[in-house]
2 protein chains.
Amino acid sequence: MANAQTTKLKILDAAEELFADHGFSETSTRQITKKAEVNLASVNYHFGSKNELIQAVIERYLEVLVPNIDVELTGLKNDNPNPTLEEVFSVFIRPILSLNQQRKNGTSILLQLLGRSYTDSQRHMRRFFLGNYGDVVAKFVALVYKAQPGLSPSEIFWRLHFTLGTVVFTMASSDALMDIARADFDEQIAIEGVVKRLIPFIAAGVSAP
Amino acid sequence: MANAQTTKLKILDAAEELFADHGFSETSTRQITKKAEVNLASVNYHFGSKNELIQAVIERYLEVLVPNIDVELTGLKNDNPNPTLEEVFSVFIRPILSLNQQRKNGTSILLQLLGRSYTDSQRHMRRFFLGNYGDVVAKFVALVYKAQPGLSPSEIFWRLHFTLGTVVFTMASSDALMDIARADFDEQIAIEGVVKRLIPFIAAGVSAP
DNA sequence: ATCAGTTTTAAACAGGTGTTTAAAATCTAC
DNA sequence: GTAGATTTTAAACACCTGTTTAAAACTGAT
């Protein structure tokens, strides 16, 4: 089996950083293999194609993230049968922030990747997401509905997509925004600070009259 | 001067559609000139480079949109010295929707373009925007502050960027979202309907406690 | 009708793209 | 230690990219 593992990992690590920084089509397999210090052909040998590499990069994150969110979701459901909207949205905080322990800048890398893949192919991403993690999504939506029973299903659909837009868009560019905040307001803010400002915003939005 | 005007226009029209649908780097000059039915070299002859064409496509929209927003803004200020947040955000509705009269699907094309250019180069767009339309932005922020005087400048900064994310992200993918809403909820919704659902959401978000 | 200025055209340029090939190197198990 | 499978490698493939060139076509004014 040689050390295929480490070659595959080197490719994934190099690719995710380049994809997050410059986008998918702006990153070439030659850039990836050069940064990973592996042979050009190994992308196709190990992943088949560049597209399958893109998918592998994203799945590596979702594979650990979504189960973690699921744990928080059922934990919340058990501890508190009637959680508030803020509590429901907070189930994302710990799993998303803990990506930073798994990999340096893991949080912002994933969210940048999501932002890019989302704008690139909304429909495709949605199908993939619902296909693979539909039960977690359903669990989450059910909790939102319980916290805000006045909302019709279609209103929940719209408001959660608004929310998704806010989060993905903000987090995808959180590095730049934090830089600006530092420059314009002398504000020393980290990614956790952004999240803590985000939660009240979206909770208020979703529970708007 | 020949009929340079119409060649330039044909290129702009073809390019904006391709850019909105597939992204900037995913669209080649050959695709553009083929769709526009003009010679390949005319992109470089009339615009200098592909990058300058991208800028020209976006500027053609902003040139008419931002002054219109400015008019609404000063109109609101005169009619109502103390407008609510919902009223302030509503100044965007008419100008943005009226892009549809100017060009078919104008609204969603511009917003898709903004979404793409925003994720591609956050800092660059911000500088361009503030450089060219900084006074309108300042006028708008001042009205937000007046409607919500409890917010600190840095809180306004963050919440308006959350809002920008929500709007651009939602509108950039509004076609796909409307399709899903039609399929899942039998909901016959148009772009105006999306906007009317969006305004309360962001107004509530910005005025969150 | 001529001529300068502008625009259009086909062709070529130099370089980058993802992917495939077949040989060489490496690893694993007997 | 050798055989067989797996992995790595350098080279080539076929194609696409944005841009430039220089000649041709067209334009409006004299």
Side-chain angles (χ1 to χ4, degrees), chain A residues 1-60 112-113 116-117 119-121 124-125 128, chain B residues 1-60 112-113 116-117 119-121 124-125 128:
Chain A
M1 210 185 287
N3 53 347
Q5 219 76 329
T6 84
T7 297
K8 260 183 115 161
L9 282 179
K10 279 198 269 183
I11 293 175
L12 285 170
D13 289 344
E16 71 168 24
E17 202 173 323
L18 291 169
F19 286 154
D21 281 354
H22 309 117
F24 298 117
S25 37
E26 291 84 358
T27 302
S28 70
T29 51
R30 280 169 181 80
Q31 290 174 271
I32 295 167
T33 51
K34 189 181 174 186
K35 186 183 178 100
E37 297 178 302
V38 300
N39 186 271
L40 168 62
S42 46
V43 163
N44 297 278
Y45 177 77
H46 286 286
F47 296 94
S49 66
K50 185 187 170 182
N51 272 327
E52 288 166 282
L53 170 60
I54 294 174
Q55 193 139 315
V57 165
I58 295 176
E59 280 190 54
R60 182 165 66 146
Q112 279 173 263
L113 292 175
R116 295 197 180 277
S117 52
T119 14
D120 281 1
S121 51
H124 175 271
M125 270 289 286
F128 169 82
Chain B
M1 210 183 285
N3 52 350
Q5 220 77 328
T6 84
T7 298
K8 258 183 117 163
L9 282 179
K10 280 198 269 183
I11 293 175
L12 284 170
D13 289 344
E16 71 167 25
E17 202 173 322
L18 291 169
F19 286 154
D21 282 353
H22 308 119
F24 298 116
S25 37
E26 292 82 359
T27 303
S28 70
T29 49
R30 279 168 180 80
Q31 289 175 269
I32 295 168
T33 50
K34 188 181 176 187
K35 186 182 179 97
E37 295 178 304
V38 300
N39 185 271
L40 169 62
S42 46
V43 163
N44 296 279
Y45 178 77
H46 285 287
F47 297 94
S49 66
K50 185 187 170 184
N51 272 327
E52 287 166 282
L53 169 61
I54 294 175
Q55 193 139 314
V57 166
I58 295 176
E59 280 189 52
R60 183 166 66 147
Q112 279 172 265
L113 292 176
R116 293 196 181 278
S117 51
T119 15
D120 280 2
S121 50
H124 175 273
M125 270 289 285
F128 169 80

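The sequence lines fix the lettering, A, B, ..., with proteins before strands; numbering per chain opens at 1.
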Requested in this report: Please check the phosphate of dT19(C) (OP1 and OP2 only) for any side-chain N or O of T29(A) closer than 4.0 Å.
Outcome: no

Requested in this report: Please report the C-alpha distance between I54(A) and F47(A) in whole Å, then the side-chain angles of each, then the deciding distance to 0.1 Å, and finally whether the side chain to side chain contact (heavy atoms under 4.5 Å, CB included) criterion is met.
Outcome: CA-CA 9 Å; I54(A) 294 174; F47(A) 296 94; over 6 Å; no

Requested in this report: Using a cut-off of strictly less than 4.0 Å between a heavy atom of the residue and any atom of DNA chain D, enumerate the qualifying residues of residues 31-41 of chain B by number.
Outcome: L40(B), A41(B)

Query raised in the report: Are T27(B) and D21(B) close enough, and set up right, to give a side chain to side chain contact (heavy atoms under 4.5 Å, CB included), and what steps lead you there?
Result: CA-CA 9 Å; T27(B) 303; D21(B) 282 353; over 6 Å; no

Query raised in the report: In whole Å, what is the span from the CG atom of L9(A) to the C1' atom of dT8(D)?
Result: 17 Å

Query raised in the report: Quick one: which of R30(A), E17(A), K10(A) gives a side-chain contact (heavy atoms from CB on, under 4.5 Å) with K35(A)?
Result: E17(A)

Report task. Give the rounded distance in Å between these two atoms: NE2 of H22(A) and C1' of dT17(C). Result -> 18 Å

Query raised in the report: Just how far, in rounded Å, is P of dG18(C) from CG of N51(A)?
Result: 10 Å

Requested in this report: Please report, rounded to the nearest Å, how far the C1' atom of dT17(D) is from the CZ atom of F24(B).
Outcome: 18 Å

Report summary line: When rounded to whole Å, the OH to P distance for the pair Y45(B) and dA10(C) reads 17 Å

Query raised in the report: Roughly how far, to the nearest 0.5 Å, is the NE2 atom of H46(A) from the CG atom of L53(A)?
Result: 11.5 Å

Requested in this report: Please check the phosphate of dT6(D) (OP1 and OP2 only) for any side-chain N or O of H46(A) closer than 4.0 Å.
Outcome: no

Query raised in the report: Is the phosphate of dT8(D), meaning OP1 or OP2, less than 4.0 Å from a side-chain N or O of S42(A)?
Result: no

Query raised in the report: Are any of S28(A)'s side-chain N or O atoms less than 4.0 Å away from OP1 or OP2 of dT17(C)?
Result: yes

**Report entry** Nucleotide dC15(D), atom C1' - distance to NZ of K50(A) in whole Å
**Finding:** 15 Å

Query raised in the report: Atom CZ of F47(A) to atom P of dT20(C): distance rounded to whole Å?
Result: 16 Å

Query raised in the report: Where the side chain of N44(B) is defined as all heavy atoms beyond and including C-beta, which of dG18(C), dT20(D), dT7(D) is the nearest nucleotide?
Result: dT20(D)

Query - Pair D13(A) + K8(A): basic N to acidic O under 4.0 Å - result: no

Report summary line: When rounded to the nearest 0.5 Å, the distance separating OG1 of T7(A) from OH of Y45(A) is 10.0 Å

Requested in this report: Verify side chain to side chain contact (heavy atoms under 4.5 Å, CB included) between E26(B) and F24(A), making sure each step is shown before the conclusion.
Outcome: CA-CA 10 Å; E26(B) 292 82 359; F24(A) 298 117; over 6 Å; no

Report task. Establish whether the base of dG16(C) is bridged to the side chain of R30(A) by a donor-acceptor pair shorter than 3.5 Å. Result -> no

